[in-house]
Protein chains: 2
Amino acid sequence: MTLDPDLFSDCGTDRPLIRIGDKWTMKIIVCLRDGPRRFGELIVPLRITAKVLTESLRAMERDGLLTRTAYGENPPRVEYALTPLGRTLLEPLAAICAWSAAHQPEVLRARSA
Amino acid sequence: MTLDPDLFSDCGTDRPLIRIGDKWTMKIIVCLRDGPRRFGELIVPLRITAKVLTESLRAMERDGLLTRTAYGENPPRVEYALTPLGRTLLEPLAAICAWSAAHQPEVLRARSA
DNA sequence: GTAGCCAGTTTCGTTGCGGTAACCGGCACC
DNA sequence: GGTGCCGGTTACCGCAACGAAACTGGCTAC
């Protein structure tokens, strides 16, 4: 594997641009990959609390990763959808998931050894 | 972009297999990509404290990502090197760094808007 | 008038990652 | 016999993330 020496230069910043590794960002993006979802359609499969989900969604909205659309109905309806920018994150995320899937046995074997 | 529907299935676990997003794992791997390094050669460029570096290295050693070789010399000399398994992480890491570099302006623009 | 729906917000408490500072052990040099 | 070098370890601490539970608000249906 040949790697551009400067490929990692932007990883040297104090805090990563997007907290890929935080507990929820990645899962929310994956949950939204097939189309918009409502608050309640995220909270159940993710098994996240309302507070943390709200915080995560707001942060991702601020970063331009997803959009929040509130319809003035009652009971309330709010839909969250990935932006094109958010969609571009699916590819590197897939790379990590593929690595996880491929090397999980190896890591677990190393851990138990 | 076409994505295997099951590609993300392994990301649904409670804790990710490797804490890619933790503050140091990624940087340590990048620091070791050109060959083995000593404790002191990691602590200076990373600007990490001894305690946290030790903890991170031990955890990565447990996971089989790197090896620790202590030479019985004095003053002590210890070298850390990526294993083949650790090297395979460079590729997905590069994907994330590339994303960061490519989309940083977009994110920052969204944040300030 | 009360109960339920949805999408939150508020309050309070816990946990764990990361940081600071001090100390350790063996040798080598002066 | 004191000092420095290297690679740690130990004790303590703060903050941000995470979580549980109760509450809100506006509308609808009974």
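Just so it is clear: chains get the letters A, B, ... in the order the sequence lines come, proteins before strands, and each one is counted from 1.
Checked against side chain to side chain donor-acceptor pair (under 3.5 Å), B/Arg68 has the following partners two or more places apart in sequence or in another chain: B/Tyr80. Taking A/Arg62 as the reference, nothing meets the salt bridge (charged side-chain N to carboxylate O under 4.0 Å, His left out) condition, with sequence neighbours excluded. Legend: residues meeting side-chain contact (heavy atoms from CB on, under 4.5 Å) with B/Pro92, ordered by chain and number and at least two apart, are A/Ala95, A/Ile96, A/Trp99, B/Leu89. For B/Glu106, the side chain to side chain donor-acceptor pair (under 3.5 Å) criterion is met by B/His103, not counting sequence neighbours. Residues meeting the side chain to side chain donor-acceptor pair (under 3.5 Å) test with B/Thr83, sequence neighbours left out: none.
Considering only heavy atoms from C-beta on, B/Thr67 stays 4.5 Å or farther from B/Leu82 through its side chain.
Distance, B/Met60 CE to C/dC17 C1': 16 Å, rounded to whole Å. One can place CG of A/Leu53 at 15 Å from P of D/dA17, the figure rounded to the nearest angstrom. Rounded to an integer number of Å, the gap from CE of A/Met26 to P of D/dA17 is 18 Å. Rounded to an integer number of Å, the gap from B/Arg47 CZ to C/dG18 C1' is 16 Å. In this entry the distance linking NZ of B/Lys23 with C1' of C/dG16 reads 14 Å, nearest Å.
Within the structure, salt bridge (charged side-chain N to carboxylate O under 4.0 Å, His left out) contacts touching residues 77-86 of chain A (residues at least two apart or in different chains) are A/Glu73-A/Arg77, A/Arg77-A/Glu79.
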Which side-chain N or O atoms in residues 48-61 of chain B pair as donor and acceptor under 3.5 Å with protein atoms at least two apart or in another chain?
{"unit_1": "B/Thr54", "atom_1": "OG1", "unit_2": "B/Ala50", "atom_2": "O", "d": "2.7"}
{"unit_1": "B/Ser56", "atom_1": "OG", "unit_2": "B/Val52", "atom_2": "O", "d": "2.8"}

Between protein and nucleotides 1-3 of chain D, what N or O pairs are separated by less than 3.5 Å?
none

key: Under 4.0 Å protein heavy-atom contacts per nucleotide of nucleotides 5-16 of chain D, with B for base, S for backbone only and - for none   = BBSSSBB-----
